[in-house]
Visitor: 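Next up is a structure, given as structure tokens.
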Amino acid sequence: MTEKKAIIFDLDGVIVDTATFHFYAWRNLARKLGIDFNEKDNEQLKGVSRVESLKKILEWGNKSIPDDEFEQLMEEKNREYLSYVDQMQPEDILPDVMPTLEFLKVNKVRMAIGSASKNTKRILNNVGLLDLFDAIVDGIKVTKAKPDPEVFLTGANNLNVDPKECLVFEDSIAGVTAANAGGFLSVGIGDAETLHHAHHCFSDFNEIGNDFFTKAGFQFTKSKN
Ligand code: BG6
Ligand code: MG
């Protein structure tokens, strides 16, 4: 097994529960357009860029709209989304994420964020995590949306590791596909059936013991905190 040195974390739905905020904001916008979609359909939007998400929703509703209206709707969705995001605090980091990040940090594991979101830095700042990661690759830096592996390949490059030496934590179908396509060891966070293509899957961070990291190929010198 290749020795592992680094981890790239998706943000929305892995570190913080913003996946729910995206769902509310898209659902409210879609309803105004007379398009309904449920939480199962929403799985198709997770990890997907803002532009691609709106394209999918319009497709589901068989609607086509002029470009300026498209732009306006994206802005409207983002405004509602940010009204939730701007109430976030460090307490909104998902349960058991912090002890895991601290343990990895103490053991000098290189860590990055790999997110499709253009709001990545704003969210990290709101929850007090802006300085914890060695690299942040967000929706502003990449041109190809997940399931393209660009975001993770850029992350690995910034961390100076080969994809083989790196894990990717993801809650989305598109994100796991991207990680696999890039040659990373993919770790799904969420429903094992939805994320069946992940190499490993956990329902949340509480389920991940330190022995998982050791078995995956990390060599630690310090035990838990
Ligand atoms: C991803 C989310 O992390 O970021 C998607 O899973 C979202 O749901 C995408 O559409 C883009 O986010 P933003 O914040 O730039 O609209
Ligand atoms: Mg996500």
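For ligands, and for the atoms within them, numbers begin at 1 and follow the listed sequence.
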Visitor: For Gly190, does its backbone N or O pair with a side-chain atom of Thr194 as donor and acceptor, under 3.5 Å?
Guide: no
Visitor: In ligand 1, which numbered atoms sit nearer than 4.0 Å to a non-hydrogen atom of Lys46?
Guide: 6 (O)
Visitor: Compute the shortest N/O to N/O distance between Asn119 and ligand 1 and return yes if it is under 3.5 Å, no if not.
Guide: yes
Visitor: Among protein heavy atoms, which sits nearest to atom 6 (O) of ligand 1, and what does the distance come to when rounded to 0.1 Å?
Guide: Gly47 N, 2.7 Å
Visitor: Side chain or backbone of Ser115 under 4.0 Å from ligand 1, or both, or neither, by non-hydrogen atoms?
Guide: side chain
Visitor: Do any N or O atoms from the side chain of Lys105 and from the backbone of Leu132 form a donor-acceptor pair under 3.5 angstrom?
Guide: yes
Visitor: Among the heavy atoms of Ser53, does any lie under 4.0 Å from an atom of ligand 1?
Guide: yes
Visitor: Do the ring planes of Tyr81 and His22 sit parallel (below 30°), tilted (30 to 60°) or perpendicular (above 60°)?
Guide: parallel
Visitor: Report yes or no: does Thr120 contribute a side-chain atom to a donor-acceptor pair with the main-chain N or O of Ala116 at less than 3.5 Å?
Guide: no
Visitor: Measure distances from the Mg ion (ligand 2) and count the protein N, O or S atoms below 2.8 Å.
Guide: 3
Visitor: Less than 4.0 Å is my threshold; does some heavy atom of Leu45 fall inside it relative to ligand 1?
Guide: yes
Visitor: Testing Asp92, Asn119, Asp86 one by one against Asn126 for a side chain to side chain donor-acceptor pair (under 3.5 Å), which residue passes?
Guide: Asp86
Visitor: Starting from atom 16 (O) of ligand 1, locate the nearest protein heavy atom and write down its residue, its atom name and how far away it is, to 0.1 Å.
Guide: Arg50 NE, 2.7 Å
Visitor: Counting distance only, does the side-chain N/O of Lys77 pair as donor-acceptor with the main-chain N or O of Ala30 below 3.5 Å?
Guide: no
Visitor: Could you check, using the six-membered ring where one of them is a Trp, whether Phe205 and Phe169 have ring centers closer than 6.0 angstrom?
Guide: yes
Visitor: To which protein heavy atom is atom 15 (O) of ligand 1 closest, and what is the distance rounded to 0.1 Å?
Guide: Lys118 N, 2.7 Å
Visitor: Return a yes/no value for Ser117: is any of its N or O atoms, backbone included, closer than 3.5 angstrom to an N or O of ligand 1?
Guide: yes
Visitor: I want to confirm something. Looking only at heavy atoms, which of Val14, Asp12, Val48 is nearest to atom 5 (C) of ligand 1?
Guide: Val48
Visitor: Quick check on Ala19 - does any of its heavy atoms sit under 4.0 Å from an atom of ligand 1?
Guide: no
Visitor: Main chain of Ser115, side chain of Asp12: is a donor-acceptor contact present, judged purely on distance under 3.5 Å?
Guide: no
Visitor: Please answer whether the main-chain N or O of Leu29 pairs with a side-chain N or O of Glu76 as donor and acceptor at a distance below 3.5 Å.
Guide: no
Visitor: Examine Arg27 relative to Tyr24 and say whether NZ or CZ is less than 6.0 Å from the centre of the six-membered ring and inside a 45° cone about the ring axis.
Guide: no
Visitor: Testing the basics here: between Ala178 and Phe152, what is the closest heavy-atom pair and its distance to 0.1 Å?
Guide: CB-CE1, 3.9 Å
